[in-house]
Amino acid sequence: MTIKTIPTRPIEGQKPGTSGLRKKTRDFMVRGYLENFVQAILDAADLTGKTLVLGGDGRFFNAEAAQTILKMAAANGVARVIVGQGGILSTPAASAVIRARQAAGGIVLSASHNPGGPEGDFGVKYNTANGGPAPEAVTGAIYQASLHIAEIRKLEAPDADLSRLGAQALGPMTVEVIDPTADWVALMERLFDFDAIRALFAGGFTMRFDAMHAVTGPYAKAIFEDRLGAPPGTVINAEPQPDFGGHHPDPNPAHCADLMALMMGENAPDFAAAADGDGDRNMILGRGIYVSPSDSLAVIAANAHLAPGYSEGIAGIARSMPTSRAADRMAAGLGIPAFETPTGWKFFGNLLDAGMATICGEESFGTGSNHVREKDGLWAVLMWLNVLAARGESVAGILRAHWAKHGRDYYSRHDYEGIATEAAEALMTALRGRLTGLPGVEAAGLTITAADDFAYQDPVDGSVAELQGIRLMFGEEARAVLRLSGTGTEGATLRVYLERFEPDPGAHALDPQAALSDVIAATREIAGIERHTGRAGPDVIT
Ligand code: G1P
Ligand code: ZN
């Protein structure tokens, strides 16, 4: 076996503590860049003699990166790599495979919902044996290892044939190519009532699923069309493309404008959904209605017992801090604990592993459960289908009944994208510096009653995460949260999360922007958003 060593170069862009590396595809294509990060993972995680899972969302450079990683794994003593056919695995499927096959970890190639292609983004993420994003201790070790790489070990060999299912040798290592959908589909069949959903479709129920030319196409076809009997054409944009057809594969009203228009129009099907580049995000729509992710989490928590995999009830509900507090009321009603964690799925891992939470969600179109350790877009779609089949009501009917019973949390997120990093940091620093003086401050007819910077102590391992977002409370009902995105690749993105609880939303549904207009105005004024960023309004409203 010949092992080629490549001179190392520093990994520009990796932040300590982030569970992966996400950068412009062009950066990743510079010789040594990908290799450097992968070597750091292999050095820090010690996978000698162990099994690793590998797959990605199929974006541009996925195939090349997979071959590089296989050759590096072979030269670094990994015994076996289980890889999805064609180098493909959705993020939740990768998590399912790691768990089902008791692998030591997995490498996922994706930049999630960020655009792909030579001018787009690429990413590499390391997941541990529980199937979830590496916790801070591991990412810290990877970061440290990246600073001290002596050599990059890579096997000199022809590419593995990733089109052929089954085992093959790559130097001393075994490469096992698997059907990327099989383990995950089998898991879904155990969790949901496929007979009831099949009967729903047989009864004429109509659905549109937009795979956005990304990884969920094959998974969605396997489930909805092949197994559940939805007519061909139910899944649209089903062919994965390396550049996602030039689109931004992020399932939200802004990036799924066509699907939104369909659902608000005269010929809307009963139900629609979309998923992101790597399949962990979801958007849920009913005829004439949009389900905010925070509401989706609360409705799922309230109805999960209708699905066979959750018939015994749920142990707890976890939501990221900026997600609306609708889920907390569900937890209180069910008499189970509610957890509020920092933004990012990795914070749910310990709660799920410890059996303290069963259902988790983020306002950023992320929902999931203890079945894997990632959020799972198609899982959420199946959960909704199971609930619709069991209740025999429409999406709008279920949502309105939920609001009537529990009250409604009007919710919106305003994103200011691509602003200068210094300006964004100055805004946050200025606000942080004034926190203790904020209670009592008035703006737009509202008064701040409390303000803090969210800190979280993990109830399982005691680790502490600080500076996780500034919370401005306007009484018990209204709240604004400000934080900077940790996933962007250009400049800074300021996220402003706005919500108001209305115990009696009445019969008419008020538009969230209208319901939140004073919270929006007060937050803009107090944080000095226009003064700091020069922006009169947000770029994206969800
Ligand atoms: C965003 C979302 C966050 C999610 C993450 C990964 O992170 O806000 O909820 O976990 O993407 O999908 P952010 O860019 O806000 O740091
Ligand atoms: Zn994603």
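Basis for what follows: all heavy atoms, side chains included, without hydrogens, waters or symmetry-related copies. We number each residue from 1, following the sequence as shown. As the structure lists them, so they are numbered: ligands from 1, and atoms in each ligand from 1. In this text the structure is predicted, and so the values were computed from the model without any measurement.
Only side-chain heavy atoms of S364 come within less than 4.0 Å of ligand 1; its backbone N, CA, C and O stay farther off. Contacts with ligand 1 closer than 4.0 Å are made by no heavy atom of E374, backbone or side chain. When non-hydrogen atoms are compared, ligand 1 lies under 4.0 Å from the backbone of T487 as well as from its side chain.
Scanning all heavy atoms of the two residues, the minimum distance from A304 to I314 falls at CB-CG2, 4.2 Å. Counting all heavy atoms, side chain and backbone alike, E477 lies closest to R325 at O-NH2, 3.2 Å. Of all heavy-atom pairs between M428 and L484, the closest is CG-CG, 3.7 Å. Residues G279 and V215 share a closest heavy-atom pair of N-CG1, 3.8 Å. Taking both residues in full, the closest heavy atoms of V177 and L162 are given as CG1-O, 3.6 Å, listed atom of the first, atom of the second, then distance. The two residues L259 and A273 have their closest heavy-atom pair at CD2-O, 3.7 Å.
For H113, no nitrogen or oxygen atom sits less than 3.5 Å from a nitrogen or oxygen atom of ligand 1, counting backbone and side chain alike.
By the 4.0 Å heavy-atom criterion, G344 is counted among the residues contacting ligand 1. Residue M321 places no heavy atom under 4.0 Å from ligand 1.
Interface atoms of ligand 1 facing T343, defined by a heavy-atom separation under 4.0 Å, are 3 (C), 8 (O), 9 (O). Per-residue contacts place R413 under 4.0 angstrom from the following atoms of ligand 1 (heavy atoms of the residue considered): 8 (O). Applying the 4.0 Å criterion to heavy atoms of R495 picks out, from ligand 1, the atoms 8 (O), 13 (P), 14 (O), 15 (O). The contact set between ligand 1 and K375, taken as ligand atoms under 4.0 Å from a residue heavy atom, comprises 4 (C), 6 (C), 10 (O), 12 (O).
With hydrogens left out, the protein atom closest to atom 16 (O) of ligand 1 is G486 N, 2.6 Å, a heavy atom. Protein heavy atom nearest atom 5 (C) of ligand 1, with residue, atom name and distance: R281 NH2, 3.9 Å. Atom 4 (C) of ligand 1 has its closest protein heavy atom at E362 OE2, 3.5 Å.
Protein atoms that are N, O or S and lie under 2.8 Å from the Zn ion (ligand 2) are these: S112 OG, D276 OD2, D278 OD1, D280 OD1.
Among residues at least two apart or in separate chains, salt bridge (charged side-chain N to carboxylate O under 4.0 Å, His left out) pairs with a member in residues 247-257 are D250-R281. Listed by first then second residue, pairs satisfying salt bridge (charged side-chain N to carboxylate O under 4.0 Å, His left out) with a partner in residues 411-424 read E363-R413, R413-D415, D415-R495, not counting sequence neighbours.
The CZ atom of F474 lies 4.5 Å from the CD1 atom of I448; values are rounded to the nearest 0.5 Å.
Panel note: side chain Y219, backbone P180; a donor-acceptor pair is recorded below 3.5 Å.
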Pairs of donor and acceptor atoms involving the side chains of residues 377-384, under 3.5 Å and at least two apart or interchain, shall be tabulated with distances.
{"unit_1": "W379", "atom_1": "NE1", "unit_2": "Y310", "atom_2": "OH", "d": "2.9"}
{"unit_1": "W384", "atom_1": "NE1", "unit_2": "S296", "atom_2": "OG", "d": "3.0"}

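Cation-pi contact between R483 and F454: absent, since separation from the ring centre below 6.0 Å together with deviation from the ring axis within 45° is not met.
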